[in-house]
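Proteins come first, then strands; the chains are lettered A, B, ... in the order of their sequence lines, and each starts at number 1. Everything numeric here is computed off the predicted structure, so don't read it as measured data.
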Amino acid sequence: MLLDFNLKQILKELKAKGKPLPKEYLDLGLAFWLINPDEKDYSPENLSRRYLHEGFDPLAGGFSKLFQFAEKKLKGYKLEKLFHEVEMPLVEILADMELAGIKLDLKHLKDLDKKLEKQLTELAKDVYKKTKNTFNLNSPKQLGDILFNKLKIDLGGVKKTRGGAISTDVDTLLTIKDRHPVVPLILEYRELFKLHSTYVRPLQELADANGRVHTTYIQTGTATGRLSSQNPNLQNIPAVGEWAKEVRKAFIAEKGFKLAALDYSQIELRILASLSSDPNMMEAFNNDVDIHKLTASQVFKVPLEKVTPDMRRLAKTLNFGVSYGMGANAFAKTSGLSVAEAKKFIQDYFANFKKVREWQEETKAQARQQGFVTNLNGRRRLTLEASSMYSREAGEAERAAINMPVQGLAADILKMAMVKIQEEFKGNKDVRLLLTIHDELLFEIKENKVLEAVKEIKKIMESAYELEVPIRVEAKTGVNWGELTNLK
DNA sequence: CGCATACGCGCC
DNA sequence: AAACGGCGCGTTTGCG
């Protein structure tokens, strides 16, 4: 039995050298992450410091002693199954995904790069002209000074930052966009600069000799059970808007292959329906009704046919917000309603989904009383601040507490599906899992195998876990990530 | 000079 | 005045 930290890295190195993998291995960092996922650092040095007060010196006894210590805790917390059957098998899967990487259309990126640079130069020039000033457009401080001190734009409705400065974020710029002709230019500059500096430019630099980029997944990177991705982060590639589409078009399939994206439809809301056993919400999913539309019809008290796109959009915000514990203030801000109206909508929402509120209240009580919450698989997270005397702190912990069982189970379901998919397609060179984006898996599949493989993957994903409502997966395919089309 | 922080923003 | 859960990253700015 090989016990170590960073086993993914070890496996990657062995694979790269064509050497055989150890028969049995366990990752200690992962074990300790399951025990307490809120630690930032899962190195042996830090764990030693962290657990010293329990009369234990991990470094003294070596990794074997350390694992004995972890094993006891995993057992006590009923986390062994998650550890041995989900997280550990995932290590090699992630290693393979990282080694595979995803192919980039470097020519497309270069063209995009040029277009963005040209646009940015023009926009900046225009901004300097309209403000009669030359300054660093990327400095919120300088920008705020120009907009509100030099141009004396009205401050009505403009908020302050944490540090007390006048905010220049998108929300602020949108509220003042009709107060001065330069503001829309700044909004556009912001959008394009972000795309260029965060995506288009770095991606080109990170591509290997075959034009593929290799992310690194951090398996101990979140407190809820999700994965995170870094260097580059391929879980936050732009998805909305025309420019975003151009960026996504740069992610392509190898010659002879196609990309296939399979994503869980409304997985978190399905989980919420299931956990709360809310009859109303369960019925929607059992009957395959559009949940946002249904919510709209109930909150607005109109028949389904009378739901307008605006009503649906509002209901969608409500549906998402509720699982995060959103209050009237935040809902008002994101929906454009007044706080009073927002409050009313949230009330109506919970009147319709009574059991959802009950479940949330029970979970918050648990968080306060036991100091931790768990999801259906035993995945746990400490919630010590839930009983804080500071209401802001307690509120934050409560919101995290009601979110974790939902987000954490969604993460588990995806991970369990990944493990099953790997078992099914082990050694199959025609089907490669490339990326995971929380509720979505992106594959590269040999052209003539796409239909067959996608059908099988979809089946596995939809049956990876049994909820009280059906789980649905949508599949899309195409030659690049920006132009995928539905596959049914 | 390097480093940490503030700010802002991309995704689910 | 008042944070909506989970992340990673680029740029600016101020500090040692």
Side-chain angles (χ1 to χ4, degrees), chain A residues 37-38 40 135-144 159-173 186-187 189-203 206 215-218 220-241 243-244 247-248 263-269 272 317-335 339 342 346 360 363 373 381 383 390-408 410-411 414 435-441:
Chain A
D38 273 293
K40 305 257 182 273
F135 60 100
N136 188 344
L137 249 172
N138 301 318
S139 162
K141 192 181 169 183
Q142 293 182 37
L143 178 62
K159 56 188 176 180
K160 299 264 175 79
T161 66
R162 257 185 324 213
I166 303 169
S167 176
T168 67
D169 66 10
V170 171
D171 275 350
T172 304
L173 294 180
I186 294 166
L187 278 164
Y189 177 91
R190 277 264 175 88
E191 185 193 346
L192 301 196
F193 189 86
K194 176 84 177 181
L195 252 46
H196 184 249
S197 67
T198 308
Y199 304 101
V200 174
R201 203 182 53 205
L203 281 175
L206 291 168
T215 186
T216 301
Y217 289 105
I218 311 296
T220 57
T222 75
T224 56
R226 278 185 175 180
L227 297 163
S228 75
S229 153
Q230 63 179 207
N231 281 319
N233 181 353
L234 295 183
Q235 293 180 325
N236 74 344
I237 301 300
V240 179
W243 286 100
V247 174
R248 288 208 167 205
D263 71 289
Y264 282 109
S265 159
Q266 315 289 1
I267 185 77
E268 292 200 5
L269 279 174
L272 185 61
T317 310
L318 208 43
N319 272 325
F320 276 111
V322 162
S323 61
Y324 300 152
M326 182 170 62
N329 262 315
F331 181 48
K333 225 184 71 178
T334 45
S335 62
V339 176
I346 294 175
Q360 292 191 335
T363 307
V373 291
R381 182 176 187 187
T383 55
Y390 303 104
S391 62
R392 187 187 59 83
E393 211 172 76
E396 275 176 17
E398 284 180 350
R399 290 191 294 274
I402 59 170
N403 182 250
M404 185 272 169
V406 178
Q407 191 183 118
L414 188 92
L435 303 181
T436 156
I437 308 109
H438 309 306
D439 62 357
E440 172 183 353
L441 296 175

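Between Asn233(A) and Thr215(A) the shortest side-chain heavy-atom distance does not fall below 4.5 Å. With contacts defined as side-chain heavy-atom distances shorter than 4.5 Å, the pair Trp243(A)/His196(A) does not qualify. Between Asn231(A) and Leu206(A), the closest side-chain pair of non-hydrogen atoms is not below 4.5 Å. Side-chain contact check for Thr334(A) versus Met326(A): some heavy-atom pair is nearer than 4.5 Å.
Glu396(A) places its CD atom 11 Å from the C1' atom of dG5(C), with the value rounded to the nearest Å. With rounding to whole Å, Lys159(A) atom NZ is found 9 Å from dA2(C) atom P. For the pair Tyr189(A) OH and dG10(C) C1', the interatomic distance rounds to 12 Å; values are reported in whole Å. Straight-line distance from the CG atom of Leu414(A) to the C1' atom of dG6(C): 14 Å, rounded to whole Å. When rounded to the nearest whole Å, the span between CG of Leu272(A) and C1' of dG5(C) equals 12 Å. When rounded to the nearest whole Å, the span between NZ of Lys333(A) and C1' of dA2(C) equals 11 Å. Rounded to an integer number of Å, the gap from CG of Asn403(A) to P of dA3(C) is 18 Å. For Glu398(A) and dA3(C), the CD to C1' distance is 14 Å, given to the nearest whole Å.
Without hydrogens or angle criteria, Thr161(A) side chain to Ile166(A) main chain gives no donor-acceptor distance under 3.5 Å. Side-chain atoms of Tyr217(A) come within 3.5 Å of backbone N or O of Thr436(A) as a donor-acceptor pair. At distances below 3.5 Å, at least one donor-acceptor pair connects side-chain atoms of Arg248(A) with backbone N or O atoms of Ile237(A).
Nearest to the side chain of Asn136(A), among dG10(C), dC4(C), dT12(C), sits dT12(C). The listed nucleotides are dG6(C), dC4(C), dT13(C); the one nearest the side chain of Thr224(A) is dG6(C). The side chain of Pro202(A) lies closest to dG10(C), out of dG10(C), dG6(C), dA3(C). Listed nucleotides dC9(C), dG6(C), dG14(C) differ in distance to Asn231(A); the shortest reach to its side chain belongs to dC9(C).
Between Thr334(A) and Arg201(A), the residue anchored closer to the 5' end of DNA chain C is Thr334(A), taking for each the nucleotide with the nearest heavy atom. A residue-by-residue look at Phe193(A) and Thr317(A) shows that Thr317(A) has its nearest nucleotide of DNA chain C further toward the 5' end.
The phosphate of dT13(C) (OP1 or OP2) has a side-chain N or O of Ser139(A) nearer than 4.0 angstrom. A sub-4.0 Å separation between OP1 or OP2 of dA1(C) and a side-chain N or O of Arg392(A) is absent.
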Practice task
Under the side-chain hydrogen bond (donor to acceptor under 3.5 Å, both in side chains) rule, what do Ser323(A) and Glu268(A) come out as? Steps first, then yes or no, please.
Solution key: CA-CA 8 Å; Ser323(A) 61; Glu268(A) 292 200 5; 4.7 Å; no
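Here Ala223(A) lies in heavy-atom contact (under 4.0 Å) with sugar-phosphate atoms only. Residue Lys141(A) is classed as a sugar-phosphate contact, given heavy-atom separations below 4.0 Å to backbone atoms only. At a threshold of 4.0 angstrom between heavy atoms, the contacts of Gly395(A) with the nucleic acid are absent.
Note: Asn138(A) CG to Tyr189(A) OH = 3.5 Å, rounded to the nearest 0.5 Å.
Rounded to a whole angstrom, the distance from the P atom of dC11(B) to that of dA3(C) is 24 Å. Atom name P, nucleotides dA2(C) and dG8(B): the rounded distance is 13 Å, in whole Å.
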Practice task
With pairs defined as Watson-Crick or G-U wobble and both distances under 3.5 angstrom, please note down DNA chain C as a dot-bracket string, | for pairing with another strand.
Solution key: ....|||||||.||||
Completion exercise
Reading nucleotides 5-12 of chain B from 5' to 3' and marking B where a protein heavy atom lies under 4.0 Å of the base, S where only the sugar-phosphate is that close, and - otherwise, the string is -SSBBBSB
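When the shell of 6.0 Å around NZ of Lys159(A) is examined, it contains more than 12 heavy atoms from other residues, nucleotides or ligands.
The one candidate from Ile267(A), Leu272(A), Leu269(A), Thr363(A) that meets the side-chain contact (heavy atoms from CB on, under 4.5 Å) condition with Val406(A) is Leu272(A).
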